[in-house]
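Notes follow the structure.
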2 protein chains.
Amino acid sequence: MDPHLLRTYVTVARLASFSEAARELGYTQSAVSQHIAALEQDLGAPLLTRRPVAPTAAGERLLEHAGPLLLRLDAARADVARMAAAPEHGLTLAVAPTALGPRVVAALPAAGVTLKVLAREEVPAAVATGGADLGLVDGLAAPSDPLRLPDVAPLTTHGAGEEPVCVLLPASHPLARRTGLRLGDLVDARWLDAPGAGLPLAHLRAAHGGAGFRPALRYEGTDLCALTALAAAGHGLVLLPRAAAVGVPGTAAVPLVAPRLVHRTELVHTGSPRGAAAAVVDKLLERP
Amino acid sequence: MDPHLLRTYVTVARLASFSEAARELGYTQSAVSQHIAALEQDLGAPLLTRRPVAPTAAGERLLEHAGPLLLRLDAARADVARMAAAPEHGLTLAVAPTALGPRVVAALPAAGVTLKVLAREEVPAAVATGGADLGLVDGLAAPSDPLRLPDVAPLTTHGAGEEPVCVLLPASHPLARRTGLRLGDLVDARWLDAPGAGLPLAHLRAAHGGAGFRPALRYEGTDLCALTALAAAGHGLVLLPRAAAVGVPGTAAVPLVAPRLVHRTELVHTGSPRGAAAAVVDKLLERP
DNA sequence: CACCCTCGATAAGCAACGCTGATACGGTGC
DNA sequence: GCACCGTATCAGCGTTGCTTATCGAGGGTG
């Protein structure tokens, strides 16, 4: 189970083609064919059907493992390399769109920061693999409960603030005048599914303990403005932290009153932050 | 970052010796030396000090990554192999000591089951790497909150029951006659630290949100009887699910009333259980 | 229906890798 | 000072893993 073979396998599976994968990886088609053959022999099961190229049941299984595995591998390499490298100048901060509130903006130093807005699930990976020095992730949680993050690597997390959540409705929506909404009343509403930018519907289902929350329109991207525009146009409801939800033209932001959920944002980093990173950490963690 | 090199590295770090590691792995000392050199060159940083052999800062870091990585690798291999292998006859069940309640015992089929009692944190790993077909893990949680399990692999979990937790006290203890105890009152008591058999003190600290719960005696093992005997002899308090705590000679089991915590047990397995495993799953999950 | 073109499997050749065995080097204990 | 233990290094050799070349099976086209 050489990581190289694994990498080849996921590439082949993604592109559904040996030759394409070979081109992308800089190998010959022959080498890719041998890689897959080696993997299949090693594991004792066919992983791909040929013509068309598609994963078998066992192959699907392997794909689920391969992603996190390769990610962890990168994380380990980056983590160790970071210990040896010269102390970096310039600070890179990875944030999920809804995690970038006014407090965060205020805490940034005047210069020398690179800000990366990534989809929520990519933030821990970016921090782990060295793409960013600090990360800010957010999500729905019961008050004072920590978030559930994918453990791509041993990361340190600190709570960096909690905020009420609001449902963003078009101003003309029948519920827009309410002063509070219950999640249970919105199970059958049309929702926007925006795993990158908004709060994932899966969180809602978990919080409500059941099915429902059928997506009306799926938005792939990390631009909060695009998302709020969609919501204003009536394409579906979105759940947002209050700071992001209030003041959007053409919409009303109604607080969610039940269940008691908060928008929690957490600061994540590897090891102990040094230099400029440490200063930002301190500033973000001091209680207002 | 060949897994072989990684495996060699962790072995060397564990045994603090190149030669010993070579013996254990079936290599020559020369090969081990070359492995480590290759890793260090690849990562661009020294990982071990020689004479004495001990991990450097970067090496410590790598060690934190290496364990989960190798575990995941094993899990992936086992998972795929399982899909190809003949349907196993005989069912292996891995359980944490305190997860083995009367309901579980009742749900087992009359014959053909192998039961493995493992330390709590080893159960998911055993299921993932194919050492067991099903696992039962337990822990402290707020009512209806899922447990936080290490994600060694994509595992499916189901809640399999919740139960009140009790503090196990020697019968002569001043608090033994109480009808309920608050966790806050016990922060400074003497506790048994039994990460394998009892509920880990770290869970208590997390639930209480602070330090305290200093361990008086540490018990490494998975025998619940040994643990209760220690508690009866006054070596420290233990938190146990009610079923395990009541009826221990020489002790009193006092329910924990605050914070509202339950002992939750969850069933974990990979993919979809087949044959005998499916039957046991059904039986464990049907609401009593 | 014959043709070609694409895509994956297979064979041969060659360079690089990774292991072993032998040896050099640097500590430690007697 | 010498023997001993443990790691680093070197030469040699078998194996691995890549490339180039070729084959065979489908699918589309004139």
Side-chain angles (χ1 to χ4, degrees), chain A residues 1-60 62-63 66 69-70 73 76-77 80 84, chain B residues 1-60 62-63 66 69-70 73 76-77 80 84:
Chain A
M1 289 256 298
D2 190 322
H4 294 133
L5 302 190
L6 228 46
R7 195 168 57 105
T8 306
Y9 172 68
V10 300
T11 310
V12 171
R14 176 166 49 84
L15 300 175
S17 158
F18 283 52
S19 321
E20 277 299 313
R23 229 157 292 153
E24 179 166 322
L25 296 171
Y27 288 133
T28 56
Q29 172 267 320
S30 172
V32 170
S33 189
Q34 291 174 47
H35 276 190
I36 303 298
L39 250 188
E40 291 184 325
Q41 179 143 25
D42 181 20
L43 296 175
L47 298 172
L48 293 167
T49 63
R50 324 295 153 98
R51 230 176 295 271
V53 175
T56 62
E60 290 283 4
L62 183 59
L63 274 181
L69 248 167
L70 293 174
L73 218 56
R77 141 166 283 115
V80 174
Chain B
M1 289 255 296
D2 190 323
H4 293 133
L5 303 189
L6 228 47
R7 195 168 57 105
T8 306
Y9 171 68
V10 299
T11 310
V12 171
R14 176 166 49 84
L15 301 176
S17 159
F18 283 50
S19 322
E20 278 298 314
R23 230 156 292 151
E24 178 166 321
L25 296 171
Y27 287 133
T28 57
Q29 173 267 323
S30 171
V32 170
S33 188
Q34 291 174 48
H35 276 190
I36 302 299
L39 250 188
E40 292 184 325
Q41 179 142 23
D42 181 20
L43 296 175
L47 298 171
L48 294 167
T49 63
R50 324 295 153 96
R51 232 178 297 272
V53 174
T56 62
E60 290 283 4
L62 183 59
L63 274 180
L69 248 167
L70 294 174
L73 219 55
R77 143 166 279 114
V80 174

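Chain A is the first sequence line, chain B the second, and so forth, proteins listed ahead of strands; every chain is numbered from 1.
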Take atom [atom1] of [X] and atom [atom2] of [N], then tell me their distance rounded to the nearest Å.
X	N	atom1	atom2	result
B:Asp42	C:dC17	CG	P	13 Å
A:Gln41	D:dT16	CD	P	11 Å
A:Leu15	C:dC7	CG	P	12 Å
A:Ile36	C:dA9	CD1	C1'	13 Å
B:Glu40	D:dA8	CD	P	8 Å
A:Phe18	D:dA25	CZ	C1'	15 Å
B:Leu39	D:dA8	CG	P	13 Å

Do any N or O atoms from the side chain of [X] and from the backbone of [Y] form a donor-acceptor pair under 3.5 angstrom?
X	Y	answer
B:Tyr9	B:Leu48	no
B:Gln29	B:Ala22	no
A:Thr8	A:Val32	no
A:Glu20	A:Arg14	no

- Message: If the cut-off is 4.0 Å, is B:Ser33 near the phosphate of D:dT7, judged by side-chain N/O to OP1 or OP2?
- Response: no

Taking all heavy atoms of [X] and all of [Y], pick out the closest pair and write down the distance.
X	Y	value
A:Pro46	A:Thr56	O-OG1, 2.9 Å
B:Ala76	A:Met1	CB-CE, 4.0 Å
B:Leu5	B:Ala38	CD1-CB, 4.1 Å
A:Ala58	A:Ala45	CB-CB, 4.5 Å

Any N/O pairs under 3.5 Å between the protein and nucleotides 17-21 of chain D? List them or say none.
residue : atom : partner : partner atom : Å
D:dC18  : OP1  : A:His35 : NE2          : 3.0
D:dC18  : OP2  : A:His35 : NE2          : 2.9
D:dT19  : OP2  : A:Thr28 : N            : 3.1
D:dT19  : OP2  : A:Thr28 : OG1          : 2.8
D:dT19  : O4   : A:Gln34 : NE2          : 3.1
D:dT20  : O4   : A:Ser30 : OG           : 3.1

- Query: A:Val53 near the nucleic acid: base, sugar-phosphate alone, or nothing, with a heavy-atom cut-off under 4.0 Å?
  - Reply: sugar-phosphate

Between N or O atoms, less than 3.5 Å apart, protein on one side and nucleotides 25-30 of chain C on the other: list the pairs.
none

- Audit row: B:Leu15, B:Val53, side chain to side chain contact (heavy atoms under 4.5 Å, CB included) steps and yes/no: CA-CA 9 Å; B:Leu15 301 176; B:Val53 174; over 6 Å; no

